[in-house]
Amino acid sequence: MKHPGEERLMAHVETLDPEVAEHVRFCGPCARIVTEFRELALALTDSTAWPQQSSGSLPFDPNAEFEDESSAEVLLENLKDAPVAAWRERFPRRSGSARTLLRHAHSLLEADPQRAQAIADLALVLITDIPDEQERHYLRGWAHRERANALRYLGQLPEALQALDRAAEFFGKLPTGDFDLGTLLYIRATVLREQGHFPEARNAAQQAERIFAEFGDTVRQTHARLALANIANNEGDLETARAEYVRLLASPAIGDDELLLTRVRHNLGCTLHEMHDPEGAREHLTQAMRTYSKLGLETEVARMRWNLARVTMMDGPSSTAQLELEEAIDQLTAHGMRSDAALARLDIAELLLGDDDADAARTHCVAAIDDLLAAGMNVRAATAMALLRDAAATDQITVAVVRHTRSMIEQLHR
Amino acid sequence: MTVAESETTAVSDLYRDYAPFLRNIAMRKFRIPAEDVNGIVNDVFVGLLRARDHVHHPEKWLLGAVCNASRYYWRQHRPLDAITESSSDQEMERLHTLLAVHAVLRRLDLKCRDLLHEHYVAGYSASEMASRRETTAGYVQQLLHRCLKSARRMVKKEQNETSR
C-alpha cells in the first residue's frame, strides 16, 4: 500500500480503517501523523484546553513590588567602582535594591567571585526589613544561591554546599519554589563533581534534569544532561560520556545556543582524546576552537590550542607536538593562565624525556614550578610540585614522575 | 515604554491568556477546591514576576509551577499518602500538549474553533452538525478535517517554538 494521504490518516483516527491500520503498523512517519492527530483529538475533547473569558488584568500591581529597581540600577552604576562596604548605607532596604545587587553579583562570578560574594552578603542585609514574607524568602534563597556560586568559584566547596542548604531552606517555603530548587540541585551537582563525589553529583544532576523537564525548560535540562556526561567522564566511564555528548550535539534543545553547542563539542573532543581517538578528537576540538574564536573567547581558544597539541602528542611527530605546545604556552601565558601553562610545560617535559633529552625536560619542569608559584598554588599543589622539584634537583626526572605530578595538579584543578 | 513596564505588560498578557487555563488544570487535574484556586494561580504569577530573570519559556514555566503549587497545596492540607497526583513524564507531556492546544485555539479561525468545539466538546456528530446547518455530512466532515489539519500544523509550530 502507498502512503495514505493526511486526510485518510485523520479519518482513521475516528473511524478505524483496517487497511490504514495495517500500513501504520510498519510505517513510522504515518504512525507519527496518526499519533499526532489522536493526541490533538484527545486534547480537543478536554474542556481545559478551551479558552474562556477572563478579566484580563492582573489582580495585583507588579509595579508596586518592583518600583525601586530602576533607581537601584542607577545607584549601582554610580557606585560600581567603590568598595562594597561603602554601598551599605546607600542602597535602600527594598527588594529592588536586593534584586539589582544579586543580578550584579551573578554577572561578576567568573571575573571577581570574591566581590560577588561580598555583594550577595550585602543583599542579605538589605533583605532583612522587607515586609512581604514570601518576597523575603525568595530573595534570601536567591542571595544564598549567589553566595554558593561565588564560593564554588573561590574553591570553598564545603561552604558552597552549606550556602546551597540555606538557599533550599528558603525556596522550600515558597509554593512556586520547585524550579529554584532545581537550579540549586544543578549547582550542587557541579560542586559535588568538583569534590569528586560522583554518585551524589549524578543524583543531584538527575533530579535537576527532571525538574527542568517538568517546567519545560529545555535549555537548563540540556545543561543538566551535559553535567551528567561530565560526571561520567570524570568517573572514567568514557563510553557513556561520549554517547551522551553525541546525543546532546544532535539534540534540538541546543537550538541556536552556539556557546553551549561548542562546550559540548569541546568536551566530546577531550573525551575522544582520552579514548585514544586522535582523529575524532581533532575534528571536534578544531571546530570548537573556531567557534570560540568567532565568539571572541580568547582564553578558550588558548585552551583549545593546548588540547590540540596534546592530540598531536598522541599521533604526530614529537617535534610538531613540541612546537604546538610552545605556541599554546605563549597564548596561555599571555592570557594569565599560568597553571594551565605549567601543565603544558609538563607535557613538553614528557615529550623531551621520550626523546632522552633530560636536561631540556628539567628546564621545562623548573619553568612549570615557576608558573605554578606565580598562579598562587595551594598547599596540596605545592606537595605535588615538591616531588617534581626534588626529582629535577637530583637528575631523577622520569616520564612517570612527570605524569604523576601532572595528574595530581589536574585533580586539584578539576 | 521602559523595560520594567514592557515586562509587566507581558505578564499581564500572560495572565489574561493563561490564568483561566491554569485554574482549570489546578481544579480538574489536582482537584484543588474552587475557593483556593485563584490564590494558587495568583501565587504562581507572583512567582513568575520574581523569577522572570531566569525563565526561558513563561508558558511552560507557568504550567510546571501550577502543578507544583497544587502539590504543595496538598502537602499542606492532607497527609502525603492521600495525595492523588500524577507527575510522570507521560502526564507532563500530555499537559504540555494541552498547553500548546490551548495557545492554538486562542488564535484559530473563529469558524474552525466553533466547529471543533461543537464536535469534540459538545459531542455532535458530523451528520447532526450538518442537519443543524442544513448541509451535507460530507461537507461538515471536510470542514472538520480542514480545521483539524490547520490546528495540527499550528500545534506543531507552537511546540517547536517553545522547545527551542
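Below, all heavy atoms of this structure are taken into account, side chains as well, without hydrogens, waters or symmetry copies. Letters A, B, ... are given to chains in the order of the sequence lines, protein chains preceding strands, and every chain is numbered from 1.
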Visitor: Might you work through the side-chain hydrogen bond (donor to acceptor under 3.5 Å, both in side chains) test for B/Tyr124 and B/Arg132, ending with a clear yes or no?
Guide: CA-CA 10 Å; B/Tyr124 288 104; B/Arg132 281 157 67 113; 3.1 Å; yes

Visitor: Only one of B/Asn24, B/Leu22, B/Ile25 passes side chain to side chain contact (heavy atoms under 4.5 Å, CB included) with B/Val41; say which it is.
Guide: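 Only match with B/Val41 under side chain to side chain contact (heavy atoms under 4.5 Å, CB included): B/Leu22.
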
Visitor: Is chain A contacted by the side chain of B/Leu63, its backbone, both, or neither, given a heavy-atom distance below 4.5 Å?
Guide: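 Contact with chain A involves no heavy atom of B/Leu63 at all.
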
Visitor: By a 4.5 Å heavy-atom criterion (distance strictly below it), what part of B/Arg106 contacts chain A: side chain, backbone, both, or neither?
Guide: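 For B/Arg106, heavy atoms of backbone and side chain both lie under 4.5 Å from chain A.
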
Visitor: Looking at B/Asn68, B/Val101, B/Leu98, B/Val104, which one has more heavy-atom pairs under 4.5 Å with chain A than the rest?
Guide: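 Most pairs with chain A among the choices: B/Asn68.
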
Visitor: So for B/Tyr72, is it side chain, backbone, both, or neither that comes closer than 4.5 Å to the heavy atoms of chain A?
Guide: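 Just the side chain, heavy atoms under 4.5 Å.
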
Visitor: Using non-hydrogen atoms and a 4.5 Å limit, figure out which bit of B/His119 sits close to chain A: side chain, backbone, both or neither.
Guide: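 Only the side chain of B/His119 comes within 4.5 Å of chain A.
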
Visitor: Which one, A/Leu42, A/Thr176, A/Leu44, leads in non-hydrogen pairs under 4.5 Å with chain B?
Guide: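 If we count pairs closer than 4.5 Å to chain B, A/Leu44 comes out on top.
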
Visitor: Check whether NZ of the Lys or CZ of the Arg B/Arg152 lies under 6.0 Å from the centre of the six-membered ring of A/Phe37 and within 45 degrees of that ring's axis.
Guide: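 Verdict for A/Phe37: a cation-pi partner in B/Arg152.
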
Visitor: I'd like to check A/Val191 versus A/Arg188 (side-chain heavy atoms, cut-off strictly below 4.5 Å). Are they in contact?
Guide: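 Counting from C-beta outward, A/Val191 and A/Arg188 never come under 4.5 Å.
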
Visitor: Where on A/Asp257 is there a heavy atom nearer than 4.5 Å to chain B: the side chain, the backbone, both, or neither?
Guide: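 Looking at A/Asp257, nothing touches chain B.
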
Visitor: Picking from B/Thr97, B/Val44, B/Leu116, which has the most non-hydrogen pairs under 4.5 angstrom with chain A?
Guide: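 The residue among B/Thr97, B/Val44, B/Leu116 with the greatest pair count is B/Leu116.
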
Visitor: Using a 4.5 Å cut-off on heavy atoms from C-beta on, say whether the side chain of B/Lys156 contacts that of B/Arg153.
Guide: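 No - every pair of side-chain heavy atoms lies 4.5 Å or more apart.
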
Visitor: Does any backbone or side-chain atom of B/Arg146 lie under 4.5 Å from a heavy atom of chain A? Answer side chain, backbone, both or neither.
Guide: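 Neither part.
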
Visitor: Would the number of heavy atoms belonging to other residues, nucleotides or ligands and lying under 6.0 Å from OH of A/Tyr153 be above 12?
Guide: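 Check passes, neighbour count above 12.
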
Visitor: Which answer fits B/His145, side chain, backbone, both or neither, if we ask what part of it has an atom under 4.5 Å from a heavy atom of chain A?
Guide: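 Both backbone and side chain of B/His145 come within 4.5 Å of chain A.
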
Visitor: Looking at B/Asp114 and B/Lys111, does any basic side-chain N land under 4.0 Å from a carboxylate oxygen?
Guide: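 Not counted as a salt bridge, because no side-chain N and carboxylate O are separated by less than 4.0 Å.
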
Visitor: Give a yes or no on this: more than 12 heavy atoms of other residues, nucleotides or ligands lie within 6.0 Å of atom NE2 of B/His56.
Guide: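 Yes - once you tally the heavy atoms of other residues, nucleotides and ligands closer than 6.0 Å, there are more than 12.
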
Visitor: Under 30°, 30 to 60°, or over 60°: which ring-plane class applies to A/Tyr138 and A/Trp142, parallel, tilted or perpendicular?
Guide: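 The arrangement is tilted - the two ring planes meet at 30° to 60°.
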
Visitor: Check each atom of A/Gln134 against the heavy atoms of chain B and say whether the ones under 4.5 Å are side chain, backbone, both or neither.
Guide: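 A/Gln134 touches chain B through backbone and side-chain heavy atoms alike.
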
Visitor: Considering only heavy atoms, which portion of A/Glu7 lies under 4.5 Å from any heavy atom of chain B: side chain, backbone, both, or neither?
Guide: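 For A/Glu7, backbone and side chain are both near chain B.
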
Visitor: Please flag which part of A/Leu139 lies under 4.5 Å from any non-hydrogen atom of chain B: side chain, backbone, both or neither.
Guide: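 Neither part, no heavy atoms under 4.5 Å.
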
